[in-house]
Structures are given as C-alpha cells and as structure tokens.
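Along the sequence shown, the residues carry numbers beginning at 1.
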Amino acid sequence: MGFEVYKFGGASVQNATGVKNLVEVLQKTEIEDLVIVISAMGKMTNALEEVVAGYFEATLKSDTLELVEAFHHNIALELFENPSAPVFKEIQSLLSELKGFLQRNKSPDYDFVYDQVVCYGELLSTTIVNAYLEQEGFRSTWHDIRDYLKTDTSYREGKVNWEVTMRNLSRKLPRKGIQLTQGFIASDANGFSTTLGREGSDYTAAIIAYCLNAERVTIWKDVPGVLSADPRYFEDAVLLNFISYQEAIELAFYGASVIHPKTLQPLQRKEIPLFVKSFLNPEDAGTQVSIGQLIEPQVPCYIRKTNQVLIALSSLDFSFMAEENIGDIFKLLGHHKMKVDLIQNSAISFSVCVDNKYKNLEALVAKLRADFKVTVHQDVSLYTLRHATDESLARLEKDKEVLLKQVMQNTVQLVTV
C-alpha cells in the first residue's frame, strides 16, 4: 500500500477509550506510511468557544479554563502508566500559552481571538495521542500544522494559500512513517492561528492528500459510513456503499453532515478516493467516494437542517423584482454573512432560506425594510430530498406545514414550520 491520510474526529478521541481504540484501528489496518489528522477531543471546541464568549462578555472565570485542563489531564491519567510522563508537562505548557494570550491580548476582533483560542483543542488532543502512540510502540512524529497550512486573514473561515501550503507540505512533511498533526487549524502569513470553518478537519485531510498525492483518504467516524439519512430524524436510513464525487458534493452542499463541503473538491481534482468508515468496526467496507455511478444503492436521500430563517420579500409598490433588486439583496446577504440555502423568486416576490450563523438577522432585516415588504419566519426547518420518489416525498410532507416548496430535477426542497 502507498501513502495514505487518516482523519479522526472528536468523537473518536473523546476519552481514553477512544484513544486506545485509535491504536487498535492502526493495528488492524497496518498502514505504515500515514499522515494522521486529529480533531479536538469530544466537545472541546464548544468548550473553548465558551471561553471566547466569556472573555468578551467579561464573565470568564478561572474555573472555566480549569475544566479544560482537568478534562485533558484526566484522559492522560488513564492513558499513561507514569504520572510524571513528559506529556503532562506538555499539556500544562499549552494551557499556559492559552492563558498568556488571554492576559496580553489587546485585539477587539472576536473572530481573531476565537482562532487564537480554539486552536488549543487540536494542539492538546494531538499532543496526548502522539505521546500514547509512542508509549504503545509506534514511531510517530508530531507536527504543528500551522507551520505548513497557510491561509489569508479571514479568521474562522480561512482561505487556503495553495501555493505556499503545497510548497511547505511537499518539502517538509515526510511521506514515510507515521506523521501526526491537527485538523481544522492553520496560520496566516504573520503566524497568527486561523481556522478553516467548523468541521474543517476533513478539509485539512483533503488538503494534505492533494498536496502530497496520497493514495487515499479515510475519515473515521462513529457511523458505518455515509447514510441515506440521519437516523436520529429518519427511519430506514441505509448505508450508501458508493457515491460519486458529484453526488457527495451535492449532498454536502445541501447540508449532509458526514462530509465537509470543501473536502471533496481537492480530492476530485486529483481523483483521490475518499473512504468514510467506522472506527468501531474498522474492517467493514464503509462508503467509498470516487469516480463512477452516482449512488449505490439507488435510494432517496434525506437531509434536514434546523434553526433556519425564511425571509420573504416583495416590492413596496408591487413592481417587478428586477435584476438590480435581486443584486442589491445578495449584496446585503453577503455583507451580513448569511449562508443562503434556498432561493425562490417570482415576478413580484423573492424568498430566501438562510442560516443566521453570525446572528446578523436583525440588522439585515432593518436594511431590507427600507426597500421591501419583509416577512420573516424564524426557526424553520429545511428538508432536501435527493433522488425523490412520489412515495418518499409524500412521507416527507406528511403532517408538516410547508411554507415553501421547490422541485428541481432529482431534488425537492421544503421549508417547514
């Protein structure tokens, strides 16, 4: 086998048992030349987000950071036979860095501070995992991905500088042996930490694979692979054995959470196959994403996005919604960082379903009311049905109040209360 990239998410290393299981996966797969990309442990990114929020609201308490420290310290205590092992000092050193930043920071930029803080989740998790691999006899090398992966200064949504990143990775990251690094985080030209957007660890794995011409990428998750629906919300979800890059990109675009939307594009460009497999059953086949037929088996796929906002606009004087009106609307949506998930327009109306991720809805609506009649429906759900059949659509619509419905070839979308 050639050089491969493995990505382990937060669920796979959420506790000491998960870290031990990661070692079992490596033992069963027996890949010798490997880059391992690891996320923060469990819900640690959420915990560090609370640190950022408390910092800006002047409500940050010392015990908040002590909980972060205790979480990692307790996992390490379960993993390491020697309570004075170097890893404990390494954990302490990273947390001292974090505390030092919070004490000396002068920047009022929330997104900048966010990236400088949350990056410690990945740094801590990989420090612990790398030390455990070494204890278990693996010759692994820890790398700070921020030395390789470079972005612009779009904090929280860093745009990759591909030229510099490829040069760094191809020249400095070995392709032999086990190399262990972080997902989600990067740095800008000035050395400040950046992040690639939530769930960006998948994207990190794809970037490394693209730059180093990996043979394949495997994302290890707590599910058997890519399913036809989220089993928490839909009955009869089935494993998709195979999906094409095109189909996977469509599913990701519409909100399927198994694969990050940006992950697939670099892999497709070099036709590097992606596997989504269960870290609980590593010998199972999982799902393969590569060139070929769209989907196998051929079944409807359901995607549900909650906490969406439906904004319905019409002209104040019943005039047409012309191109210049729609152009102005999109400028406002972009300015207020609204992610657009669905658009529908007619001669005198325009409806858009958006994700109010950055909490700018109130400011956006105030601007829109200057030129349009505006109706807002908050906390709606957006359902997307791929490969729809009459039966699957009827089942989806049953007992729901549908505010908006859009039918396209192969895809139906509903906005419901």
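- Between Ile329 and Phe372, the closest side-chain pair of non-hydrogen atoms falls below 4.5 Å.
- Each of Ile295, Val299, Val412 was compared with His387 under the side chain to side chain contact (heavy atoms under 4.5 Å, CB included) criterion, and only Ile295 meets it.
- Classification of Asp341 and Lys305 as a salt-bridged pair holds, one side-chain N sitting under 4.0 Å from a carboxylate O.
- The residues Lys337 and Glu157 are annotated as not salt-bridged, no charged nitrogen and carboxylate oxygen being separated by less than 4.0 angstrom.
- A salt bridge links Asp230 to Arg232: one of the charged nitrogens lies within less than 4.0 Å of a carboxylate oxygen.
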Exercise for the section: Determine, stepwise, if the pair Thr204 / Gln182 fulfils side-chain contact (heavy atoms from CB on, under 4.5 Å). Expected result: CA-CA 8 Å; Thr204 304; Gln182 307 79 33; over 6 Å; no
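- The backbone N or O of Val226 sits less than 3.5 Å from a side-chain atom of Thr287, completing a donor-acceptor pair.
- Other residues, nucleotides and ligands place more than 12 heavy atoms under 6.0 Å from the CD atom of Glu90.
- By the 4.0 Å N-to-carboxylate-O rule, Lys7 lies close enough to Asp202 to be salt-bridged with it.
- Checking side-chain atoms of Gln116 against main-chain N and O of Phe192 turns up no donor-acceptor pair under 3.5 Å.
- The shortest distance between side-chain heavy atoms of Asn325 and Leu313 does not fall below 4.5 Å.
- Side chain of Thr126 to backbone of Thr181: no donor-acceptor contact under 3.5 angstrom is found.
- In this structure, the side chains of Leu98 and Leu48 come closer than 4.5 Å at one or more pairs of heavy atoms.
- No side-chain donor-acceptor contact under 3.5 Å links Asn281 to the backbone of Asp284.
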Exercise for the section: Give the intermediate values and the outcome of salt bridge (Lys or Arg N to Asp or Glu O under 4.0 Å) for residues Asp144 and Arg146. Expected result: CA-CA 5 Å; Asp144 188 335; Arg146 297 174 299 177; 2.8 Å; yes
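- Counting only heavy atoms from C-beta outward, the side chains of Glu49 and Val52 never approach each other to under 4.5 Å.
- Side-chain contact, Thr195 with Asp115: a donor N or O sits under 3.5 Å from an acceptor N or O.
- At least one cation-pi condition fails for Arg304 and Phe234: the charged atom is not both under 6.0 angstrom from the six-membered ring centre and inside a 45 degree cone around its axis.
- The main-chain N or O of Lys176 is found under 3.5 Å from a side-chain atom of Gln179 such that the two form a donor-acceptor pair.
- Across all their heavy atoms, Ile178 and Phe138 have their closest contact at CD1-CD2, 3.6 Å.
- Residue Glu324 qualifies as enclosed at atom CD: its count of foreign heavy atoms under 6.0 Å is above 12.
- Side-chain contact check for Thr45 versus Glu122: some heavy-atom pair is nearer than 4.5 Å.
- Side-chain contact check for Leu212 versus Val5: every heavy-atom pair is 4.5 Å or farther apart.
- Closest of all the heavy-atom pairs between Leu239 and Gly225 is CD1-CA, 3.7 Å.
- Asn82 CG: more than 12 foreign heavy atoms inside a 6.0 Å radius.
- Remark: Asp111 engages Arg156 in a salt bridge, criterion side-chain N to carboxylate O under 4.0 Å.
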Problem - CA sep, side-chain torsions, deciding dist, call: Ile207, Leu196, side-chain contact (heavy atoms from CB on, under 4.5 Å) - result: CA-CA 11 Å; Ile207 292 166; Leu196 304 176; 4.2 Å; yes
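- Remark: the backbone N or O of Leu332 is paired with a side-chain donor or acceptor of His336 at under 3.5 angstrom.
- Shown here is Lys400, whose NZ atom has more than 12 heavy atoms of other residues, nucleotides or ligands within 6.0 Å.
- Here the OG1-CD distance, from Thr218 to Gln288, works out to 10.0 Å after rounding to the nearest 0.5 Å.
- The closest side-chain heavy-atom distance from Arg386 to Asn410 is below 4.5 Å.
- Although no hydrogens or angles enter the test, the distance criterion places a donor-acceptor pair under 3.5 Å between the side chain of Gln135 and the main chain of Leu79.
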Handout entry: Steps toward side-chain contact (heavy atoms from CB on, under 4.5 Å) verdict (Leu133, Val129)
Key = CA-CA 6 Å; Leu133 287 177; Val129 172; 4.3 Å; yes
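- Closest of all the heavy-atom pairs between Lys339 and Phe253 is NZ-O, 4.3 Å.
- Contact record, Lys172 with Asp147: NZ-O, 3.5 Å, taken as the closest heavy-atom pair.
- For the residue pair Asp152/Ser154, the side-chain donor-acceptor check at 3.5 Å is satisfied.
- Counted within 6.0 Å of NZ on Lys262, heavy atoms from surrounding residues, nucleotides or ligands total more than 12; the atom is thus considered enclosed.
- Of the options Ile208, Leu173, Val164, Thr165, a side chain to side chain contact (heavy atoms under 4.5 Å, CB included) to Tyr148 is made by Leu173 and by none of the others.
- From Ile243, atom CD1 reaches atom SG of Cys301 across 8.0 Å, with rounding to the nearest 0.5 Å.
- Taking the six-membered ring where tryptophan is involved, the planes of Phe8 and Trp220 are essentially parallel, since the angle between them stays under 30° and well short of 60°.
- In this structure a side-chain-to-backbone donor-acceptor pair under 3.5 Å is missing from Asp188 to Thr153.
- Atom CG of Leu65 and atom CG of Leu102 lie 6.5 Å apart (nearest 0.5 Å).
- The neighbour count for Lys61 NZ, taken as heavy atoms of other residues, nucleotides or ligands under 6.0 Å away, does not exceed 12.
- Considering OH of Tyr132 and NZ of Lys20, their distance stands at 5.5 Å, rounded to 0.5 Å.
- No salt bridge links Asp355 with Lys357; every basic N to acidic carboxylate O contact stays at or beyond 4.0 Å.
- Residues Leu149 and Val160 have side chains in contact (heavy-atom distance under 4.5 Å, counting atoms from C-beta outward).
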Exercise for the section: Please lay out, stage by stage, how Val113 and Tyr110 fare under the test side-chain contact (heavy atoms from CB on, under 4.5 Å). Expected result: CA-CA 5 Å; Val113 174; Tyr110 191 100; over 6 Å; no
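- Scored by the side-chain hydrogen bond (donor to acceptor under 3.5 Å, both in side chains) test, Thr389 finds Ser392 as partners (sequence neighbours excluded).
- No donor-acceptor pair under 3.5 Å is formed between the side chain of Thr64 and the backbone N or O of Val51.
- The 12-atom threshold is not exceeded at CD of Glu391, counting heavy atoms of other residues, nucleotides or ligands nearer than 6.0 Å.
- Here the shortest heavy-atom pairing between Pro300 and Leu385 reads CB-CD1, 3.9 Å.
- Side-chain N or O atoms of Asp222 include none that pairs as donor or acceptor with a backbone N or O of Ala11 at under 3.5 Å.
- Residue Ala209 comes nearest to Leu267 through the heavy atom pair CB-CD2, 4.0 Å, listed as atom of the first residue, atom of the second, then distance.
- Within a 6.0 Å radius of CD in Glu32, no more than 12 heavy atoms belonging to other residues, nucleotides or ligands are found.
- Here Thr141 contributes atom OG1 and Glu134 contributes atom CD; the two are 8.0 Å apart, rounded to the nearest 0.5 Å.
- Rounding to the nearest 0.5 Å places SG of Cys119 at 8.5 Å from CZ of Phe101.
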